[in-house]
Asker: 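Quick one: the structure is below, and I'll ask about it shortly.
Everything numeric here is computed off the predicted structure, so don't read it as measured data. The first residue of the sequence shown is numbered 1, and numbering continues consecutively from there.
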Amino acid sequence: MNDDDRHLFQREIGAIRRLADDRHPPPAARPRPEPQHSRADDAAVLAELRRRPLAAGEIPAGEELAWCRSHLDPRILTRLRRGHYKVQDELDLHHLNTQNAAALLKRFVAGAAHDGTACVRVIHGKGLRSPGEPKLKLLCQRLLPRLRQVLAFASARPADGGSGALYVLLKATRRI
């Protein structure tokens with residue numbers, strides 16, 4: 001803008017004055033959302049484990065577990081059982097109570113999925129020393145399908161823990 005344009009502009013507009021800085025302050029940080037339904041669901045799993053005895057259709061200590069999301073190819077379970085996926089991380093739940101094991105399992109699965117891990121091994125034990133049913137095994141059977149990051153799980157090969165461990169296939173949640 002040259003001087004003639006500036007003078008023309010000032011003559012047409014008139015006197016100007018600077019306004020006070022009255023910008024709105026940035027909004028306060030919003031609190032993180034509370035996953036109330038997830039927490040209620042987790043509490044229901046733990047309460048069910050405490051009060052409900054082993055049902056006839058549930059898996060005893062020495063039996064294998066297997067589960068796959070309905071939209072996935074069922075051959076994934078076959079590959080998982082045979083150990084075709086490389087185990088990238090591991091969690092051992094031995095000597096934990098169900099409440100601590102559930103919290104640790106949820107954090108482990110979420111962290112592994114966030115890191116882009118595809119397959120993990122969860123060692124829950126066979127429950128041979130648990131009074132009644134194998135509590136940690138049942139916890140895994142009931143909790144893992146409820147975690148959105150879990151695509152499938154199957155009992156491990158005998159060399160990796162057999163019916164006392166699971167291979168868990170995860171959906172990566174990391175944004176690249």
Asker: To the nearest 0.5 Å, tell me how far Arg81 CZ sits from Ile76 CD1.
Answerer: 12.5 Å
Asker: On a heavy-atom basis, which atom in Leu77 and which in Ala152 lie closest, and how many Å separate them?
Answerer: CD2-CB, 4.3 Å
Asker: Flag yes if Trp67 and Leu105 sit in one hydrophobic cluster, no otherwise; membership is Ile, Leu, Val, Met, Phe, Trp, Tyr, and two members link when side-chain heavy atoms are under 4.5 Å apart.
Answerer: yes
Asker: In chain order, what residues pass the side-chain hydrogen bond (donor to acceptor under 3.5 Å, both in side chains) check against Arg75, with sequence neighbours excluded?
Answerer: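 Listed in chain order: Asp73.
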Asker: Could you list the residues that satisfy ring pair (Phe, Tyr, Trp, His ring centres under 6.0 Å) with Tyr167, not counting sequence neighbours?
Answerer: none
Asker: Going through the distances and angles, do Gln10 and Arg6 end up as a side-chain contact (heavy atoms from CB on, under 4.5 Å)?
Answerer: CA-CA 6 Å; Gln10 285 177 345; Arg6 185 173 293 122; 4.3 Å; yes
Asker: Return the CD to NZ distance between Glu63 and Lys126, rounded to the nearest 0.5 Å.
Answerer: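 Here the rounded value is 11.0 Å.
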Asker: CG of Leu169 to OG1 of Thr117: how many Å apart, nearest 0.5 Å?
Answerer: 11.5 Å
Asker: Quick one: does Leu65's side chain get under 4.5 Å of Ser163's, heavy atoms only?
Answerer: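 Not in contact.
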Asker: In the hydrophobic clustering that connects Ile, Leu, Val, Met, Phe, Trp and Tyr at side-chain heavy-atom distances below 4.5 Å, which members other than Leu8 occupy its cluster, ordered by chain and number?
Answerer: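 Noted: Leu8 shares its cluster with no other residue.
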Asker: Provide the closest heavy-atom pair for Leu139 versus Ala101 in the form atom of the first, atom of the second, distance.
Answerer: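 Heavy atoms only, the tightest pair is CD2-CB, 3.7 Å.
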Asker: Using the test side-chain hydrogen bond (donor to acceptor under 3.5 Å, both in side chains), find all partners of Glu90 that sit at least two apart in sequence or belong to another chain.
Answerer: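 Scan of Glu90 (side-chain hydrogen bond (donor to acceptor under 3.5 Å, both in side chains), adjacent residues dropped) gives Arg121.
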Asker: Please list all pairs meeting ring-ring contact (aromatic ring centres under 6.0 Å, His included) that have one or both residues in residues 80-109, counting only residues at least two apart or in different chains.
Answerer: none
Asker: Rounded to the nearest 0.5 Å, how far apart are CD of Glu64 and NZ of Lys137?
Answerer: 8.0 Å
Asker: Does the side-chain contact (heavy atoms from CB on, under 4.5 Å) test come out yes or no for Leu96 and Leu104, once each step is laid out?
Answerer: CA-CA 9 Å; Leu96 294 174; Leu104 186 60; 3.7 Å; yes
Asker: Check Cys140 against Phe153 and note the closest heavy-atom contact, atom names and distance.
Answerer: O-CZ, 4.4 Å
Asker: Output the distance between atom OG (Ser155) and atom NE2 (His124), rounded to the nearest 0.5 Å.
Answerer: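 Interatomic distance, Ser155 OG to His124 NE2, rounded to 0.5 Å: 5.5 Å.
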Asker: Test of understanding: clusters of I, L, V, M, F, W, Y form through side-chain heavy atoms closer than 4.5 Å, transitively. Do Val120 and Leu151 belong to the same one?
Answerer: no
Asker: Taking atom CZ of Arg69 as the centre, report whether more than 12 heavy atoms of other residues, nucleotides or ligands fall under 6.0 Å from it.
Answerer: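 Counting neighbours around CZ of Arg69, more than 12 heavy atoms of other residues, nucleotides or ligands fall under 6.0 Å, so yes.
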Asker: Indicate yes or no: at least one non-hydrogen side-chain atom of Lys135 is less than 4.5 angstrom from one of Leu138.
Answerer: no
Asker: What distance do Arg157 atom CZ and Asp160 atom CG have between them, rounded to the nearest 0.5 Å?
Answerer: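 Answer for the CZ-CG pair, Arg157 versus Asp160, is 5.0 Å.
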Asker: Of Leu170, Leu80, Val168, which is the lone residue that meets side-chain contact (heavy atoms from CB on, under 4.5 Å) with Cys119?
Answerer: Leu80
Asker: Looking at Arg82, I want to see if its CZ is surrounded by more than 12 non-hydrogen atoms of other residues, nucleotides or ligands under 6.0 Å.
Answerer: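 Counting neighbours around CZ of Arg82, 12 or fewer heavy atoms of other residues, nucleotides or ligands fall under 6.0 Å, so no.
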Asker: Can you get from Leu93 to Leu144 by hopping between Ile, Leu, Val, Met, Phe, Trp and Tyr side chains that sit under 4.5 Å apart?
Answerer: yes
Asker: Which residues satisfy the salt bridge (Lys or Arg N to Asp or Glu O under 4.0 Å) test with Arg107, sequence neighbours excluded?
Answerer: none
